[in-house]
Structure formats: C-alpha cells, structure tokens
Amino acid sequence: MTTVSDTPALKIALLGGGTVGSQVARILIEDAESLTERLGAELQLTRILVRNPQATRDYQLPDEYYSDDADEVLEGADIVVELMGGVERTRELVLQSIEQGSNVVTGNKALLATHGNELYEAAADAGVQLSFEASVAGGIPILRPLRDSLSGDKVTRIMGIVNGTTNYILDQMDTTGAYFNDALAEAQRLGFAEADPSADVDGDDAAAKIAILAHLAFHAPFSLDEVYTQGIGEVSEMDHTAAATAGYVIKLLAIAEELDDPNGVVLRVHPTLLPRDHPLASVRGAYNAVFVEAENAQELMFYGPGAGGPPTASAVMGDVMSIAKRKLRGGPGRTHTARRDLQALEIGESITRYMVVIRAADASGVLAKVAGTFAEHQVSIKSMNQTLDEASTEEDKTALLAFITHRAKESQLAQTLKATEALEEVREVLSVMRVEGK
Ligand code: NDP
Ligand code: HSE
C-alpha cells in the first residue's frame with residue numbers, strides 16, 4: 001500500500017503574496033495536515049514571488065520564503081499559482097511555467113481575456129493543466145459547473161453580477177445615499193477593488209469575466225475587445241431615483257447570450273435596471289451572482305462572495321487540489337476546448353428593454369409626439385412616468401418623462417432616440433439604460 005511518506009511532496013510556487021496570495025499561503029501552511037490527509041501527498045509551498053521581499057504582509061512567513069527573482073521561484077515547481085495580476089509580465093511567467101512542465105493556477109481574468117487562447121494552446125501542447133476558477137466571481141464555483149456539470153446541456157444565456165466593487169458602490173448609493181467616491185474608497189479598503197480601480201468602475205473587470213464565462217458556456221473563444229462595455233461612472237442620482245420610482249434597482253450586469261438570426265453571441269457589460277423582485281436584485285454589497293439559463297436545466301443561480309482574500313483563495317485551492325489529484329493519479333491534463341465557430345455579434349443586434357429619461361416641454365400634445373417616435377421605429381412603450389423638472393422655468397416649462405419599453409432591438413432604439421432628439425419639444429435625452437428581467 002502506498003502511504004503519504006512514500007509519495008513525494010508536490011512543490012507549489014506562488015507568484016504574488018498580496019490580498020489573495022497571502023491567503024493561499026496561509027491555507028497551505030495552516031491547513032497542511034488536513035490537505036495532506038485528503039490528497040495522500042504533501043503540498044509544499046516553496047517560494048513566493050513579490051516585488052518587495054521586505055514588506056510586511058497580511059499573513060507573514062519567514063523571510064526566506066519571499067523572493068523577487070522569478071527564475072528562482074519557478075524552479076522545480078509542480079504547480080505555479082499566479083496571483084500577482086497584470087498582463088504582459090504575467091504572460092511571460094505563465095508561459096515560462098508551462099514550458100518547463102509546471103501546471104498553472106491563476107485568478108487573473110485580465111490575462112485570460114487578453115492572452116487566454118495562446119495560454120490554453122501552450123498548456124495543451126505541453127500536456128499541463130491551466131486552471132482559473134478564481135478568475136470569475138471570486139469564491140463562487142461557477143467555471144467547473146459550466147465546463148463539467150452543464151456540458152450535456154445547451155446554455156442559452158448568462159447574466160451575472162461579477163464585479164464586487166461596482167455592486168458595492170451601486171448598493172451603497174441605492175440604500176444609504178452614499179457618494180460614489182466614499183463607497184469606492186471603502187471597497188478599496190476592504191480589498192475588493194483592483195490595484196487600478198478604474199478596471200472595476202469602467203466595466204473592464206466584468207468584461208474580462210464575461211468573456212471567460214462565454215468561452216466555457218458557448219464553447220467558442222471570445223476576447224475582451226468583443227465585449228460591449230459601459231461602466232458605472234455615469235450613473236447619476238437621477239437614474240437611481242427614476243429607477244426606484246418605476247420599481248427597479250440598478251446593477252452592473254455582464255451578459256452573454258446566443259442569438260439565432262444572425263447566429264452568434266452578444267457580450268455586453270452595462271448598468272442595468274432590474275425589477276426589485278428579480279433574484280439578482282437582492283445581491284447586496286460585494287457579493288456576486290451568476291444567473292445561467294440552459295435549455296434543460298432551465299434557470300440556475302450561483303451566489304457568493306465575489307472577491308476578497310479568503311473566498312478567492314478557496315477557489316484557488318480547489319484548482320490546486322484538483323490538479324494535484326490528477327497529477328498523483330497520472331491522468332491527462334484537462335484542456336479547455338473552443339470547438340464551435342461562433343462569432344461575437346455587434347451590440348446593435350442585442351434585444352432588451354430600456355428606460356429612457358427625456359426632458360421635454362410640458363405642454364399638450366408633447367407626450368403623444370414623443371410616443372409617436374417610439375411607435376414609428378417599432379419600440380413599444382410599457383410604462384411612462386412624468387415628474388417635475390427642477391430646471392423648468394416660467395419661460396420654458398419642462399417636465400421629465402421616464403419611459404420603460406418592451407423588448408426591442410438595440411439598433412431600433414438608437415433610431416428612436418435620434419428621432420426623439422430631433423423633436424423641437426425635446427430639450428435633452430437625459431439617460432438611457434437597459435432593463436432586464438420580466
Ligand atoms: P495584490 O495587489 O494584493 O497582490 C499582488 C502581489 O503580486 C503582491 O504581493 C505583489 O508584490 C506581487 N507582484 C505584483 N506585480 C509583480 C511583479 N511584476 N513582480 C513580482 N511580484 C509582483 O493583488 P490581489 O491579491 O488582490 O490580486 C491578485 C490577482 O487575483 C489579480 O489578478 C486579481 O485580479 C485576482 N483576483 C483578486 C481578487 C480580490 O478580491 N483581490 C478576487 C479574484 C481575483 P508586493 O506585495 O511586493 O507589492
Ligand atoms: N476587483 C474585483 C471585484 C475582484 O471587485 O469583483 C474580484 O475579481
């Protein structure tokens with residue numbers, strides 16, 4: 001019988017000892033005994049690559065663990081865990097790891113959404129595994145269910161709150177009336193935000209995540225530049241009020257859906273109105289949730305902490321254990337296949353509902369004229385709410401008109417807006433936001 005003492009330890013090199021990396025180090029050291037029991041072999045943390053080996057860390061190990069010499073850290077590693085972030089230097093180190101025969105675990109969505117195809121191919125050629133559960137929605141196991149559990153079903157749509165920082169900011173603005181900058185500073189303090197938080201606020205982090213989710217769900221490669229991306233920087237107090245008045249809440253959603261005519265996938269990230277009773281509307285703070293629609297499984301929702309050191313480290317450790325088990329059994333590496341020839345479609349093809357807020361003259365016949373432009377372009381109105389306009393004057397009496405539409409093609413909505421703006425009675429289209437849910 002083979003015992004733990006007969007089985008050589010698996011060497012783990014860690015690239016990055018920050019928010020997530022230090023938690024992975026903690027688990028490898030503090031839970032070493034139970035991990036060994038579960039695996040039948042020891043996971044030995046060898047070295048940790050950092051920029052500044054002298055810095056004090058959340059989980060501090062003796063000085064000899066830390067190094068700023070990448071070659072020294074990578075040497076002899078069975079599994080390289082990449083948690084340093086960034087793209088170009090990281091790509092080089094991940095390729096170096098693959099070429100030397102190490103398996104790789106990463107939480108770096110920006111890297112995968114930019115160079116994923118090159119890295120998956122390099123890993124397949126080298127016969128090593130490249131796993132990335134932590135790259136989407138932090139601690140939520142979502143990639144493995146998409147890749148394995150749903151592989152016999154046909155996913156039609158994915159809709160997720162996949163960025164904790166922006167969900168935290170929007171939630172604080174909605175529930176406490178907090179200011180944008182205060183809420184962002186708190187998200188940074190709590191360790192959710194990226195090193196450069198504009199990646200969160202501008203929607204790029206969510207865009208990278210939906211590209212990864214779509215790859216696994218639709219079995220075709222998609223990249224960051226194929227995702228229509230709009231961040232939360234322009235969501236105003238007025239948008240929150242108009243949404244709340246109509247019974248909605250604003251969330252930054254990442255959506256990927258397969259359309260039939262033309263066949264392809266629309267990938268989009270934008271602030272979205274959701275009815276308050278939609279399951280995603282109740283996702284608060286930095287929590288994430290991914291809503292999956294599949295032909296047979298129907299509607300599934302995966303919910304949990306989408307960021308933060310310990311939850312993300314949990315997802316990383318799941319990948320480490322899974323690779324370690326395969327390595328010990330001598331099984332083949334798992335490859336990520338993108339077999340379908342499925343194109344990414346332009347945003348104009350997407351079909352959804354909209355909230356449009358217009359400042360227009362407060363006079364008889366105006367509403368009918370504005371509604372007429374919607375009808376002319378086959379955009380059907382579901383509801384309308386008129387409120388006082390604080391900018392209204394005696395000389396120019398105006399009102400705010402907030403329309404919610406039924407489902408329409410994005411290109412038809414664009415034509416409607418053009419025609420509406422051209423009306424003499426319309427002063428300004430103040431806001432246009434997409435609406436999801438029933
Ligand atoms: P941090 O900024 O907290 O940590 C980064 C670590 O990498 C630091 O230890 C830093 O060294 C080291 N590092 C960075 N660049 C280099 C370099 N060029 N050479 C050597 N060392 C380097 O990042 P996080 O832990 O927050 O995130 C790591 C990765 O995990 C990112 O890809 C992120 O997107 C992803 N992720 C993060 C989540 C989170 O909640 N924070 C959730 C899900 C994924 P030093 O400490 O000396 O500066
Ligand atoms: N900055 C990311 C977020 C971290 O706020 O969700 C998790 O990927």
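Remember, it's 1-based here, ligands and their atoms both numbered in the order they're listed. Only heavy atoms go into these numbers, but all of them, side chains included; no hydrogens, no water, no symmetry mates.
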Apply side-chain contact (heavy atoms from CB on, under 4.5 Å) to residues Tyr65 and Ile29 and explain how you reach the verdict. CA-CA 12 Å; Tyr65 274 97; Ile29 300 294; 3.8 Å; yes

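Below 4.0 Å from some heavy atom of Phe192 lie the following atoms of ligand 2, by number and element: 1 (N), 2 (C), 3 (C), 4 (C), 5 (O). When each atom of ligand 1 is checked for a heavy atom of Gly308 under 4.0 Å away, the hits are 39 (C), 40 (O). Using a 4.0 Å cut-off to heavy atoms of Glu194, the atoms of ligand 1 that qualify are 33 (C), 34 (O). Per-residue contacts place Asp200 under 4.0 angstrom from the following atoms of ligand 2 (heavy atoms of the residue considered): 1 (N), 2 (C), 3 (C), 5 (O). For ligand 1, the atoms closer than 4.0 angstrom to any heavy atom of Asn52 are 47 (O). Listed by number with element, the atoms of ligand 2 under 4.0 Å from a non-hydrogen atom of Gly306 are 7 (C). Listed by number with element, the atoms of ligand 2 under 4.0 Å from a non-hydrogen atom of Glu194 are 1 (N), 2 (C), 4 (C). Distances below 4.0 Å separate heavy atoms of Asn108 from the following atoms of ligand 1: 32 (O). Residue Val20 approaches ligand 1 through these ligand atoms, each under 4.0 Å from one of its heavy atoms: 25 (O), 37 (C), 38 (C), 39 (C), 41 (N). For ligand 1 and Gly107, the ligand atoms under 4.0 Å from any heavy atom of the residue are 30 (O), 32 (O), 35 (C), 36 (N), 44 (C).
For Asp68 and Arg51, the salt-bridge test fails: no basic side-chain N is under 4.0 Å from an acidic carboxylate O. Salt bridge absent: Asp174 and Lys251 never bring a charged side-chain N and a carboxylate O closer than 4.0 Å. By the 4.0 Å N-to-carboxylate-O rule, Glu349 lies close enough to Lys409 to be salt-bridged with it. A salt bridge links Arg434 with Glu410: the distance from a Lys NZ or Arg NE/NH1/NH2 to an Asp or Glu carboxylate oxygen falls below 4.0 Å. Ion pair Lys11/Asp78 not flagged as a salt bridge, since none of the NZ, NE, NH1 or NH2 atoms sits closer than 4.0 Å to an Asp/Glu carboxylate oxygen. A salt bridge is defined here as a Lys NZ or Arg NE, NH1 or NH2 lying under 4.0 Å from an Asp or Glu carboxylate O, and Glu72 with Arg47 meets this definition.
At a cut-off of 3.5 Å, with distance as the only test, a side-chain donor of Ser431 or Asp239 sits close to an acceptor on the other residue. Side-chain atoms of Glu88 and His115 include a donor-acceptor pair closer than 3.5 Å.
By the 4.0 Å heavy-atom criterion, Arg57 is counted among the residues contacting ligand 1. Proximity of Gly191 to ligand 1 is established by a heavy-atom distance of less than 4.0 Å. Within the structure, ligand 1 lacks Gly86 among the residues with a heavy atom less than 4.0 angstrom away.
Distance check on atom 2 (O) of ligand 1: every protein heavy atom falls at or beyond the 4.0 Å cut-off. Proximity of atom 23 (O) of ligand 1 to the protein is not indicated, since no non-hydrogen protein atom lies closer than 4.0 angstrom.
Of the polar atoms of Ala134, none of the N or O atoms is found under 3.5 Å from an N or O of ligand 1, judged by distance alone. The shortest N or O to N or O distance between Lys209 and ligand 2 is under 3.5 Å. At a 3.5 angstrom cut-off on N or O pairs, Gly17 counts as close to ligand 1. For a threshold of 3.5 Å applied to N or O pairs, the pair formed by Arg89 and ligand 1 contains no separation below that value. Taking only nitrogen or oxygen atoms, main chain and side chain alike, Ala195 does not reach within less than 3.5 Å of ligand 1. The shortest N/O to N/O separation between Ala307 and ligand 1 does not fall below 3.5 Å.
Scanning the protein heavy atoms around atom 43 (C) of ligand 1, the nearest turns out to be Thr312 CG2, 3.3 Å. Remark: minimum distance from atom 28 (C) of ligand 1 to any protein heavy atom is reached at Leu83 O, 3.2 Å. In terms of protein heavy atoms, atom 5 (O) of ligand 2 is closest to Thr165 OG1, 2.6 Å. Taking atom 4 (O) of ligand 1 as the reference point, the nearest protein heavy-atom neighbour is Gly18 CA, 3.3 Å. Scanning the protein for heavy atoms near atom 6 (O) of ligand 2, the closest one is Gly164 N, 2.7 Å. Protein heavy atom nearest atom 8 (O) of ligand 2, with residue, atom name and distance: Lys109 NZ, 2.6 Å. Ranking the protein heavy atoms by distance from atom 32 (O) of ligand 1 puts Gly85 CA, 3.3 Å first.
Of the possible donor and acceptor atoms, none in the side chain of Thr229 sits under 3.5 Å from a partner among the backbone N and O of Asp204. In this structure, the side chain of Asp153 engages the main chain of Asn296 through a donor-acceptor pair within 3.5 Å. With Thr36 contributing its side chain and Ser34 its backbone, the two residues share no donor-acceptor pair below 3.5 Å. A donor-acceptor pair is defined here as one N or O able to donate and one able to accept, closer than 3.5 Å; such a pair exists between the side chain of Glu226 and the backbone of Ser223.
For the pair Val316 and Gln23, the minimum side-chain heavy-atom distance is 4.5 Å or more. Between Leu15 and Leu74 the shortest side-chain heavy-atom distance falls below 4.5 Å.
When the heavy atoms of Met84, Gln54, Arg51, Lys109 are ranked by distance to atom 36 (N) of ligand 1, first place goes to Lys109.
With Tyr66 as the aromatic partner, Arg57 meets the cation-pi criteria of under 6.0 angstrom to the ring centre and within 45 degrees of the ring axis.
Heavy atoms only, all atoms of each residue included: Asp319 and Ala134 are closest at OD2-N, 4.4 Å.
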